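Here's the structure we're looking at; comments come further down.
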Protein chains: 2
Amino acid sequence: MPKLGMEPIRKTALVKATILEIGRAGSLDVTVGQIAKRAGMSTALAHHYFGGKEQIFLAAMRHILSLYGAEVRGALAAAKTPEARLEAILLASFSATNFRREVVSAWLNFYVLAQTVPGARRLLHIYQRRLHANLTHALRPMLGARAAPVARALGALIDGVYLREALSERPSDGRASVAMIQAYLAAELNREKTTELKGAAL
Amino acid sequence: MPKLGMEPIRKTALVKATILEIGRAGSLDVTVGQIAKRAGMSTALAHHYFGGKEQIFLAAMRHILSLYGAEVRGALAAAKTPEARLEAILLASFSATNFRREVVSAWLNFYVLAQTVPGARRLLHIYQRRLHANLTHALRPMLGARAAPVARALGALIDGVYLREALSERPSDGRASVAMIQAYLAAELNREKTTELKGAAL
DNA sequence: TTTTTTGTTGATTGACGAGTCAATAAACTT
DNA sequence: AAGTTTATTGACTCGTCAATCAACAAAAAA
């Protein structure tokens, strides 16, 4: 019963199934058979469309990344002030989506993959650069030249907080994480004011 | 030629070989055969002493953790002021040791393992709690009651910076990381002063 | 209508790997 | 000396899995 134009349908089905299976296994120890079964087709077809396991994983990584990117863009679109922009990035980064089992698993395993698979490493750097650009853009009006270094620290802080939250025994929703990071930012902003105050005090 | 008392020798040889193999593979996709071969024995012996692959991995994780713990304790012993204590923790956390291929691989894969293997998760939480305790202890004299929340953020920041540094294309030595984190701390300490200044300004 | 392209799978290949076991041997105990 | 514990391995079992292939079916092109 071959209907034509199946390729994109099959491919997205495989990508989604891959992410779900990675979540179920908690690792990349997932067989093409399991993926294909969940996607409702034979293993041969999975190989037909993707050519191999690694390419399926890379496609899954791209998918996760593009989901996150869309979430950030969506939140960012509605934000007008720099503060709102920052909050939008944080809320998108710590949304419930990103704490779903499969998504956490995908991210952790992508870090592992990024060590050895050049394609995976490239994707990870794309994510990091995009985050850095978004943060710098939001911080510039508040911090001027100091925006870039603060954005670098902030990016690392986001990753670190996510890592801990994702692996904590009782994961709270992301609000506590967002608040914690905003507190850090408050300290950084405070610096500017301190300089002014010191000037006024003299 | 069975000399007695081989058990501890064989076990540590296996643990070290495991870590090296994980570094070589970049993942836990490592066979007992490879580990045993590198450790200079048969696979049967590896199974004899550890009972299974998972227990070998857990022993390796324990080993990495104890190495890190020793490094921190060593650095901490020589530190007398709170500031020195903090710097000791940072220097130990970003020492060259922790950026060796095998060590990075081990950490990344242990994060993955911690999702599904209870023993691994427990070990990870031991690490996190110990780090938090060390940080809180060092921060208390400077920050008083605010030591705990700042220590939580600082712990996450350390993990996040390590993650990025470990996966960056040209890894610098840890000095830049340490400096970045100290800058964050400076902002936090600044807060206290700001409060005082504000009081004085009124 | 023949041919080509696209979709699809069951069956197979070829390889690898975790864990077990029986057997061998040295050292220690009684 | 006989028996027990510890060390050690080669060979084997049983299972899995990625990748390939031949073959079938339907739609589109010629």
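Chain naming here is simple, since letters A, B, ... match the order of the sequence lines and numbering starts at 1 in each. Quick note: numbers below take in every heavy atom, side chains included, and nothing from hydrogens, waters or symmetry partners. Keep in mind that this is a model prediction, so the values were computed, not measured.
Summarising the geometry, the separation between CG on B:Leu45 and C1' on D:dA11 is reported as 16 Å, rounded to the nearest angstrom. For B:Met41 and D:dA7, the CE to P distance is 12 Å, given to the nearest whole Å. One interatomic measurement links the two molecules: CD of A:Gln55 to P of D:dA18, which rounds to 14 Å at whole-angstrom precision. Residue A:Ile9 contributes atom CD1, which lies 14 Å from atom C1' of C:dT8 at whole-angstrom precision. When rounded to the nearest whole Å, the span between NE2 of B:His48 and C1' of C:dT24 equals 14 Å. Between A:Lys37 atom NZ and C:dT9 atom C1' the separation is 16 Å, expressed in whole Å. The separation between B:Met6 atom CE and C:dA26 atom C1' is 12 Å, rounded to whole Å.
The side-chain hydrogen bond (donor to acceptor under 3.5 Å, both in side chains) analysis of residues 126-136 of chain A, with sequence neighbours excluded, yields the pairs A:Tyr127-A:Asp159. Pairs passing the side-chain hydrogen bond (donor to acceptor under 3.5 Å, both in side chains) check and including a residue from residues 37-62 of chain B, sequence neighbours excluded, read B:Glu21-B:Arg38. Counting only residues at least two apart or in different chains, side-chain hydrogen bond (donor to acceptor under 3.5 Å, both in side chains) contacts with residues 66-82 of chain B comprise B:Tyr68-B:Ser93, B:Glu71-B:Ser95, B:Glu71-B:Thr97.
Once rounded to the nearest 0.5 Å, the distance linking CD1 of B:Ile19 with CZ of B:Arg101 reads 14.5 Å. Atom CG of B:Leu157 is separated from atom CG of A:Leu154 by 9.5 Å, given to the nearest 0.5 angstrom. Residue B:Leu91 holds its CG atom at 11.0 Å from OG of B:Ser177, rounded to the nearest 0.5 Å. With values rounded to the nearest 0.5 angstrom, B:Thr18 atom OG1 is found 7.0 Å from B:Phe50 atom CZ. Remark: B:Met41 CE to B:Ile9 CD1 distance equals 10.0 Å, nearest 0.5 Å.
Classified by interplanar angle (parallel below 30°, tilted 30° to 60°, perpendicular above 60°), the ring pair A:Tyr111/A:Trp107 is tilted.
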| request: Can you check each nucleotide of nucleotides 16-22 of chain C against protein heavy atoms at under 4.0 Å and return B for base, S for sugar-phosphate only, - for none, in 5' to 3' order? | output: -SSBBB-

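Comparing D:dT8, C:dA27, C:dT8 by their nearest atom to the side chain of B:Leu4 picks out C:dA27.
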| message | Does B:Glu188 form a salt bridge (Lys or Arg N to Asp or Glu O under 4.0 Å) with B:Arg146? I'd like the steps, not just the answer. | response | CA-CA 10 Å; B:Glu188 273 299 336; B:Arg146 261 183 51 239; 2.3 Å; yes

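Here B:Phe50 lies out of heavy-atom contact (under 4.0 Å) with every strand.
At a threshold of 4.0 Å, the pair A:Glu102-A:Arg24 does not count as salt-bridged, since none of the basic side-chain nitrogens sits closer than that to a carboxylate oxygen.
Remark: A:Arg10 is in phosphate contact with C:dT8, judged by side-chain N or O atoms under 4.0 Å from OP1 or OP2. Taking only side-chain nitrogens and oxygens, A:Tyr49 comes nearer than 4.0 Å to OP1 or OP2 of C:dG7.
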Taking only N/O atoms, report every protein-nucleotides 12-14 of chain C pair under 3.5 Å with atom names and distance.
none

Could you pull out the protein-nucleic contacts involving nucleotides 1-4 of chain D (nitrogen or oxygen on both sides, under 3.5 Å)?
none

